[in-house]
Amino acid sequence: MSDVVTATWSAQADELTHTTSRALLFLLGNTTYGLSVDYVERVIEVPAVVPVPRASDWLLGLAVYESTPLPLIDPRYFLLPAQKLSEAPAPSLAGRAIVVSCAHGRLLLAVDQLVTISDLSGRQPIATDRPEFPDQYIEFACKADETIVGVVSVPGLLKAAATHPTQQDQQSGELH
Amino acid sequence: MSTADRNRHWFVAGILLLSCALAVLAVSAWYSLQLRAHQGRVTGLALTLTRIASHTAELAADQAAKEPANANPKSVFQGDQLAQLIATGDIQAAAIENTSASLSVNRVTKEYPQVVSHWQQVRREFGKLNRQAIEPAVKGDASLNEIESVQQSFELLFDAIINESLSRPLLKSASSLRGDISSLRYVIENNTSMASVQSLVDQLQRSTVELKSIATPDSGPALLGYTTAMQLGDFLTMVERLQVFAPAAALSVGSDTGSLSEVSSAALSYIQNALRFVDTELHRSRRNLLVALSLACLGILLITALTWFSRKTASTSQVKSRQTLDVLVDDISRIANGNLGQRSKLVQVDQANQPIAELVDYTTSMVDGLVSVSRGVAHKTTELASMQQAAIEDMAARAEVSVEHNAAQLDELSAALTALQQSVERSASPSATGQHNAAEIQTELDASVTGAASSLAGLSAQLDMGVGRIERALHVSDALVSVIGKMENTSQQSNLQALNASIKQAGYYDNDDDTESFIQNSQRVSRQLQTECNTAIQQAQEVRADLEACAASLRECLSLLEQSARHSLQSTQSLKKLQLPATNGTAAAVAEQVINLRAIAQALGNTNKSIGADESLLLLKGHALELQLMAAKLDESMLRFELSELPADEQ
């Protein structure tokens, strides 16, 4: 097995830094997601992207941010169900990206549209079985301004990205 | 700073000053109470000394009166002096002065051990003086025990005086005098020559006790006075009684009284010295206290002033930051509402927080850029609207005139053909007149057709010019869309900056309502601006679509007019072909020509219909109305970005 991205993940390390209840709301398709601002370094326009050969679908490429090449990840690959993912248009490389910073480093999340920053403290989690809110990637769902928001679990998302097989693995039949 | 903030600051400062004043008053009241208590104790001490001195003086004087031979002039003088000193109130006045002048009760209380030590020192000095004074007596007949007992009695007396200053005066005074009596009794007891006196005293005490036990208020004022004197330790009364019952003992007491007067004078001087020392200490302590109080007041005032100044400074800084943010939000709001002419100058940006300062800087530059871009949009929109208006009015007017002129010429041609047909039918022969008429009609027909052709050519040229103007308007419309796109991009960048400021602010300051409000306002204004830009772009695109439709219609109209011109040319050529047979032919030939002419007239009519001049005119008018409507919409949209009077430095 080659070119498999491996990492030792400590969700606890990220959870310890999770202190505020404000979340950056963004749109993927017509679905609103939230990301704790503890993980958000800033929001930018997507810089020039260099494609990575034989990379997985979720890895849109490498983009240089502050002289550092960071992976540009398409979160729709993990969050949206397969049917909606196939129907959704390809992510625009001229859109917006969130610079995510966590205990394991930094990366860029490509989003369709940035909405606002909302204070989710005191919001009661609501039970939802929407396929756009998979349990392994969504910490909880709540209502913000009459819109249902799925708060993304960054550790879960990054762990899935780090352990997801590459195209080469898929072609060679090797799975991580 | 607002009036409410200023009033609040003054209110807080007033409360602080009032609290300081109340604290000073409370401390002063407490000091006053303590001073009054101290004054009472010192007064009691002075009264006791006065009474002792008075008793001593009276005792000495009485002794001298009753036993002139054994009188001790020194004792009498010292007793008188002591009484005089005490009676003049020197000690009491000094004590009262000390107590009234002193503000530091704590210091006075602390001085009590010092006073006690002074008393002890007085006592030691007294012992030395006493020993020096009685040394000759020691060498003489007086027994040492007697002298020591006198000293002990004075020690007891001074203990009583010390206790006097610390407890109730009367009881202690009585106790002290009773101690003196006991001391005298001790003296008498240790003197063999006084054995009888002792027995008498014992008897006296027993009698006194007995009398006290049996005495009632009805027993007489004398008995009551005697028992009272016993209770209060009235020394003079007791000595008188002793003199009555024991003259021998009185002699010894008289000599002892002389010693008592001497040592009392010495003790009195020590007391005065001690009181002066206390007075000095109290003055010093008062001065120190006043200095300390002054320093404390100054410190409180300084702290109050510093607190007020720091609050004022902080409040001023906050107000300036708030004003800066308010001015910025107002500017952005005005821009969102389309008013770009009244921009405020942003100042004090450096006093805002760092993320806010970055946002303010960026927003300021964004606003500057937005103003510039919007000004360009407004100019181009105005230019576009004027070009559209001019082109449409010109085209409509010229097209209407040309088509009406063309229709009039065709009507004339039709009337001429009808007249020609009637004339041919009327003559029905190739007469000279008929031929002349035919030739004349042909000429008129030729002129009419030629005029129609030239009119169509002019209309065609004018329409061509209109198409060119519309194409230029399309170009301007493209530029307008581009400029509005830049505005939208600027708005999006502003939204990104606001989000980033909010992210930073969430990391640094959790509950800064002003900053949060400012960021939310920035985001709201950015979104509003974005919406307006989208609407403007949509309207500009609709205008562009209408312009394109108008241009297509004009091109179609132009094509039809060219076709009409070709038909006219063909008609002219046909007329020229007909001219020769018409002049030389027979009636049948003329009739044939008339038929041909009718056919030509009909063809011209058909051509007129085929080019649809009326329909084209209506179509053009419809497009003109649509364009005018869209131009009005665009103008209305751009009015939101209209430029009012700009400052001189921006023009």
Side-chain angles (χ1 to χ4, degrees), chain A residues 14 16-27 32-47 63 65-66 70 92-103 106-123 144-145 147 149 151-152 154, chain B residues 325 329 332 336 353-363 365-366 369 482 485-534 537:
Chain A
D14 282 331
L16 286 177
T17 62
H18 186 81
T19 55
T20 66
S21 55
R22 295 186 179 187
L24 171 63
L25 306 187
F26 58 92
L27 286 177
T32 306
Y33 294 94
L35 189 64
S36 171
V37 294
D38 289 332
Y39 297 112
V40 179
E41 188 173 313
R42 65 183 294 128
V43 289
I44 58 172
E45 291 179 328
V46 174
Y65 171 69
E66 291 182 345
L70 299 178
S92 171
L93 295 182
R96 303 284 179 262
I98 304 172
V99 182
V100 176
S101 177
C102 60
R106 295 192 297 179
L107 55 90
L108 303 177
L109 277 185
V111 299
D112 290 339
Q113 187 179 342
L114 296 166
V115 180
T116 185
I117 290 179
S118 179
D119 190 354
L120 300 182
S121 60
R123 307 291 172 87
D145 295 335
T147 304
V149 177
V151 179
V152 177
V154 173
Chain B
L325 296 180
V329 171
I332 296 175
N353 293 328
Q354 182 61 27
I356 303 308
E358 292 177 3
L359 177 59
V360 168
D361 287 341
Y362 179 80
T363 311
S365 61
M366 183 271 289
S482 171
K486 287 179 182 175
M487 287 174 62
E488 187 187 18
N489 187 34
T490 304
S491 169
Q492 289 174 354
Q493 290 295 328
S494 170
N495 194 19
L496 273 183
Q497 290 293 328
L499 279 174
N500 282 326
S502 184
I503 290 167
K504 280 189 181 179
Q505 189 258 351
Y508 294 146
Y509 318 101
D510 265 344
N511 292 314
D512 191 343
D513 293 338
D514 289 344
T515 310
E516 182 68 23
S517 171
F518 167 69
I519 291 171
Q520 286 180 355
N521 279 338
S522 296
Q523 286 184 267
R524 178 181 55 78
V525 170
S526 296
R527 284 196 293 270
Q528 188 178 351
L529 196 58
Q530 220 165 331
T531 306
E532 296 292 342
C533 289
N534 288 332
I537 288 176

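Labels below follow one simple rule: chain letters A, B, ... track the order of the sequence lines, proteins then strands, and each chain is numbered from 1. Since we're looking at a predicted model, the values are computed, not measured. Keep in mind that the numbers below use all heavy atoms, side chains included, and drop hydrogens, waters and symmetry copies.
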(request) Could you tell me which portion of A/Leu24 (side chain, backbone, both or neither) has an atom closer than 4.5 angstrom to a non-hydrogen atom of chain B? (result) side chain
(request) Enter the distance from B/Leu499:CG to A/Ile44:CD1 here, rounded to the nearest 0.5 Å. (result) 13.0 Å
(message) So which atom in B/Leu496 and which in A/Glu45 form the shortest heavy-atom distance, rounded to 0.1 Å?
(response) CD1-CG, 3.8 Å
